[in-house]
Undergrad: 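First, the structure itself, so that you have it in front of you.
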Protein chains: 2
Amino acid sequence: MGRGVTMSTVAEKAGVSTKTVSNVVNGTGSYSPETEQRVRAAIEELGYHINPFARGLRSRRTDTIALVLPNLYQPFYAEFAEQVIRSPETQGLKVVLESTRGDAGRERAVLSSHRELVDGVIYVPHALGPEQYLPLPFARPTVVLGERPAEAAQLGLDYVETADEQGAHAVVGHLLAQGRRRIAVIGERPGPWAGARRLRGYRTALAEAGVDYDESLVIGVDDADLWSSGVAGATRLLRTRVRFDALFCFHDVVAVGALSVLARSGIAVPDDVALAGFDDIEAARFASPPLTTVDLGRESIARTAVALLRSRMDREDSRELPGRRESTGFDLRVRASSTTTPAPTESGVTAR
Amino acid sequence: MGRGVTMSTVAEKAGVSTKTVSNVVNGTGSYSPETEQRVRAAIEELGYHINPFARGLRSRRTDTIALVLPNLYQPFYAEFAEQVIRSPETQGLKVVLESTRGDAGRERAVLSSHRELVDGVIYVPHALGPEQYLPLPFARPTVVLGERPAEAAQLGLDYVETADEQGAHAVVGHLLAQGRRRIAVIGERPGPWAGARRLRGYRTALAEAGVDYDESLVIGVDDADLWSSGVAGATRLLRTRVRFDALFCFHDVVAVGALSVLARSGIAVPDDVALAGFDDIEAARFASPPLTTVDLGRESIARTAVALLRSRMDREDSRELPGRRESTGFDLRVRASSTTTPAPTESGVTAR
DNA sequence: CAGCGCATTGACATCGTTGAACTAGCGGTG
DNA sequence: CACCGCTAGTTCAACGATGTCAATGCGCTG
């Protein structure tokens, strides 16, 4: 069963040459329907599986893509990875996960090591900013998640731009609409990361509502997306004794961490403080109270990313194509953590 | 840079044969220190990377292992996957993740497809029981997580047995020690899965304390480890109006879901009902109140599994070796969700 | 000093597949 | 009827590494 069954075994059984078997398997060349039948029957009967190494060696196709992300601990990344694996666009491809552990050195190393192994890379930057990763030698078609810097276009890098700014704008708009004016945020981290875009959305929403930006309401954290950052951030916020009636965390995990601090401190959510997160991880829906948040659409991000990759993987001249940019939308999920009026069980405001 | 650099490029530059380069790269054969120097220098200078396809074709080694698990949505699996990737034992290996989506067909398909691609497989069964997966043609060394059925020994399958029963026993013992007598459980699912072992621990703990097993306290769910199962389970439990003073969920995610139902129903945790979960996912620590749970030791499970694999991957005769069995321990993490007396911030009871 | 063993290195075939180039046959065309 | 274009299929080499085996040279033994 399958032991030592090669194309020539199949070819012999079907009475054709190995090349014809190869053609049938790959849908290349031309062959009659009867030949195809015979070959397929032989394959079936012998339990033949193509040897991916021989194929990879000869044709340079690996049918594998790499997904480079900081870690799998954060539900957002794990759920995103799952979406990439499941995406219909991924059919027929293997996905190799590379966790960089949020470490700049590992991130660099992982990106540089993808020379021959995979047909393409989906890269979720974390520790490296554009000025650090752009100079790296991308040897394979690469799709980057995040905001596209101008230089990326000539480098041939494709981008999936997520609606961080718009999403944050929508959340803050919602909080303002609820009558909140002193909206604290936790999760700011200097640099080119998602947090910066979310902060931008926060600021523009405030500005549009004529609410002054108050720096003392903005809490920075080192690791923008850890529960413990939420605990630390909320603790610091409370300790400053600054008045606030809403708290917007740049990640749901941070919000969950913050929520535990608020609960311990006897601060009622949403009555004293309206709480909102970002990412719409599963846990947000089951927090007490359920968390208002923004869904960036992991599924459509994943599908878009894989589709971009595929379109490059198949063509020879992909290196010459200029980098493309796709944007995805978001859904604001209003839940009980931010609504004092009895909340609708689940209300969605959709964009784009 | 790296374009078309092969062993013969290196060999030429170093003034040796390709075989010698191969020897240096693999540490096989013998060569003088000076030769090694020259070869390494040439490799460095040319930026040479070995072609994994050529190597895989010739030597049948892939330096890749597959991790087959139901999904990445469940934090326990995601965190476990991360541990497998990070484990020091994994150094030098690539890890391919295969998500079976908790689907029996996919699970079968994925397991059967690992003929040539990887050197070994770590398999976390979910939809298939032993009677279903044991007959499958395991073509590569395989380590299975869970309880080892007797037949597995001759098949040469290695097992990492996790302390589900002992862990559950400890949790329930703890709840009993807190004076709870009516301990409900959510998560039972018929079959050979972890839930069955946890249920066993529950029953023996009850028996040892002389508390009768009451079937009306045992709530089964379809998908044992989804938040929504917790919601559904808790809702059903409340609807039966059966009296209970503690709730033990077989997974933390279920407990978090149940917690949200209890909160909505005005049931105080831990005052009215002591709550405990299982798995010790990150979110458990940050629930309100923090969740008492059992840590099975993802890290040591991962390391043990990879170590078992490696020990087989390296040897030729691995097929002949009988299946081995390794057991791992657990940590009971007592937190505020189950302790009425002011809880210690974090208390750990360690086993094995 | 013949002969042996060992360390070091190389030549060559080979793993299984596919790209390039080629042949055979057949119907149609000017 | 010579020739063209097209389909169906073949032959052969090559992808880049490594296993096998042989060759070389050196020190040592008897």
Side-chain angles (χ1 to χ4, degrees), chain A residues 2-40 42-43 46-64 115-119 139 313-316, chain B residues 2-40 42-43 46-64 92 115-119 139 314-316:
Chain A
R3 279 239 133 277
V5 180
T6 76
M7 269 195 178
S8 58
T9 326
V10 175
E12 201 169 344
K13 177 149 213 140
V16 294
S17 72
T18 60
K19 186 69 231 264
T20 299
V21 177
S22 169
N23 282 337
V24 170
V25 169
N26 295 291
T28 52
S30 67
Y31 40 84
S32 67
E34 307 89 65
T35 308
E36 172 165 4
Q37 283 301 319
R38 284 211 318 284
V39 170
R40 292 208 183 284
I43 288 176
L46 294 165
Y48 168 74
H49 288 276
I50 198 163
N51 182 318
F53 294 99
R55 164 195 284 181
L57 176 58
R58 184 67 246 243
S59 69
R60 258 94 246 278
R61 281 183 47 218
T62 69
D63 290 337
T64 301
R115 309 197 66 76
E116 327 264 343
L117 283 150
V118 297
D119 292 339
M313 280 163 44
D314 295 336
R315 34 198 312 168
E316 261 317 301
Chain B
R3 280 237 135 277
V5 180
T6 77
M7 267 197 179
S8 57
T9 325
V10 176
E12 203 170 342
K13 176 147 215 143
V16 295
S17 74
T18 60
K19 185 69 229 272
T20 300
V21 177
S22 169
N23 281 337
V24 170
V25 169
N26 295 290
T28 52
S30 68
Y31 39 84
S32 67
E34 307 89 66
T35 308
E36 173 166 4
Q37 282 302 318
R38 285 211 316 285
V39 170
R40 291 209 183 283
I43 288 176
L46 295 166
Y48 168 74
H49 289 274
I50 199 164
N51 182 318
F53 294 99
R55 163 195 286 181
L57 175 58
R58 187 66 247 246
S59 70
R60 259 93 246 276
R61 281 183 48 217
T62 70
D63 289 338
T64 301
R115 308 196 66 75
E116 326 264 345
L117 282 150
V118 296
D119 292 339
D314 295 337
R315 35 197 314 163
E316 261 318 301

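None of these values were measured; they are calculated from a predicted model. Here is how names work: the chains are called A, B, and so on, in the same order as the sequence lines, proteins then strands, and each is numbered from 1.
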Undergrad: A/Thr18 or A/Tyr31: which one's nearest nucleotide on DNA chain D is closer to the 5' end?
TA: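 The answer here is A/Tyr31.
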Undergrad: Using a heavy-atom cut-off of 4.0 Å across all strands, would you classify B/Thr20 as base, sugar-phosphate, or nothing?
TA: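 Touches sugar-phosphate only.
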Undergrad: Of the nucleotides C/dA11, C/dT9, C/dT18, which one has an atom closest to the side chain of B/Thr35?
TA: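 Of the options given, the side chain of B/Thr35 lies nearest C/dT9.
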Undergrad: Could you give the distance from CZ (B/Arg61) to CG (B/Asn26), rounded to the nearest 0.5 Å?
TA: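 Spacing of CZ (B/Arg61) from CG (B/Asn26) equals 6.5 Å.
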Undergrad: Which nucleotide wins on minimum distance to the side chain of B/Lys19, given the candidates C/dT17, D/dT20, D/dG16?
TA: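 Of C/dT17, D/dT20, D/dG16, D/dT20 is nearest to the side chain of B/Lys19.
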Undergrad: Give A/Val16 one of three labels, base, sugar-phosphate or nothing, depending on what nucleic acid heavy atoms sit under 4.0 Å from its own.
TA: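 Here A/Val16 touches the backbone only, sparing every base.
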Undergrad: Rounded to the nearest 0.5 Å, what's the gap from CD1 on B/Ile50 to OG1 on B/Thr6? Could you check?
TA: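 Separation between the atoms: 11.0 Å.
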Undergrad: In whole angstroms, how far is the P atom of D/dA14 from the CZ atom of A/Phe53?
TA: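 After rounding, the gap between these two atoms is 24 Å.
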Undergrad: Taking CZ from B/Arg60 and P from C/dC15, how many angstroms apart are they, rounded to a whole number?
TA: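 B/Arg60 atom CZ is separated from C/dC15 atom P by 9 Å.
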Undergrad: Give a yes/no on whether any side-chain N or O of A/Asn26 is located under 4.0 angstrom from OP1 or OP2 of C/dT18.
TA: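 Result: yes.
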Undergrad: Taking atom OG of B/Ser32 and atom CZ of B/Arg38, what is their separation to the nearest 0.5 Å?
TA: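 Spacing of OG (B/Ser32) from CZ (B/Arg38) equals 7.0 Å.
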Undergrad: Kindly check if the number of other-residue, nucleotide or ligand heavy atoms within 6.0 Å of CD (B/Glu12) is above 12?
TA: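 Atom CD in B/Glu12 is not packed in, count stays at 12 or less.
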Undergrad: Would you say the side-chain atoms of A/Thr62 pair up with the backbone N or O of A/Asp119, donor to acceptor, closer than 3.5 Å?
TA: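 Yes: the side chain of A/Thr62 pairs with the backbone of A/Asp119.
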Undergrad: Which nucleotide in the list C/dT17, D/dG9, C/dG19 gets nearest to the side chain of A/Met7?
TA: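 Out of C/dT17, D/dG9, C/dG19, the nucleotide with an atom closest to A/Met7's side chain is C/dT17.
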Undergrad: Between P on D/dG19 and CG on B/Asn23, what's the gap in Å once rounded to a whole number?
TA: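 Taking CG of B/Asn23 and P of D/dG19, I get 9 Å after rounding.
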Undergrad: Are B/Ser17 and C/dG10 close enough that a side-chain N or O sits under 4.0 Å from OP1 or OP2?
TA: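 Yes, because at least one side-chain N or O of B/Ser17 sits under 4.0 Å from OP1 or OP2 of C/dG10.
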Undergrad: Under 4.0 Å: is that the gap between some side-chain N or O of B/Ser30 and OP1 or OP2 of C/dT8?
TA: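 For C/dT8, OP1/OP2 do have a side-chain N/O of B/Ser30 under 4.0 Å.
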Undergrad: Strictly below 4.0 Å: does B/Thr28 bring a side-chain N or O up to OP1 or OP2 of D/dT18?
TA: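 For D/dT18, OP1/OP2 do not have a side-chain N/O of B/Thr28 under 4.0 Å.
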Undergrad: Which of these nucleotides, D/dG19, C/dT9, C/dG19, is closest to any side-chain atom of B/Ser59?
TA: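 Within the option list, the nearest is D/dG19.
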Undergrad: Quick one: does B/Val10's side chain get under 4.5 Å of B/Val25's, heavy atoms only?
TA: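 No, side chains not in contact.
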Undergrad: With nearest nucleotides of DNA chain C determined for B/Arg38 and A/Ser8 from heavy-atom distances, which residue corresponds to the more 5′ nucleotide?
TA: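 By nearest-heavy-atom nucleotide position, the 5'-most residue is B/Arg38.
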Undergrad: Distance check: side-chain N/O of B/Arg58 vs OP1/OP2 of C/dT14, anything under 4.0 Å?
TA: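 False: B/Arg58 side-chain N/O out of range (4.0 Å or more) of C/dT14 OP1/OP2.
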Undergrad: Under 4.0 Å from OP1 or OP2 of C/dT8: is there any side-chain N or O of B/Ser32 that close?
TA: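 B/Ser32 to C/dT8 OP1/OP2: no side-chain N or O under 4.0 Å.
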Undergrad: Check the distance between C/dA11's P and B/Glu12's CD and give it to me in whole angstrom.
TA: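 So the CD-P distance, B/Glu12 to C/dA11, works out to 13 Å.
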Undergrad: Tell me: NE2 of B/His49 to P of D/dG16, nearest whole Å?
TA: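 The distance from NE2 of B/His49 to P of D/dG16 comes to 15 Å, rounded to the nearest Å.
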Undergrad: Rounded to whole Å, please give me the gap between CD in A/Glu34 and C1' in D/dG9.
TA: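 Nearest whole value for this atom pair: 13 Å.
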Undergrad: In whole Å, I'd like the distance from the CG atom of A/Asn51 to the P atom of D/dA17.
TA: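 After rounding, the gap between these two atoms is 16 Å.
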Undergrad: What is the distance, rounded to the nearest whole Å, between atom CG of B/Leu57 and atom P of C/dT18?
TA: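 Distance, rounded to whole Å: 12 Å.
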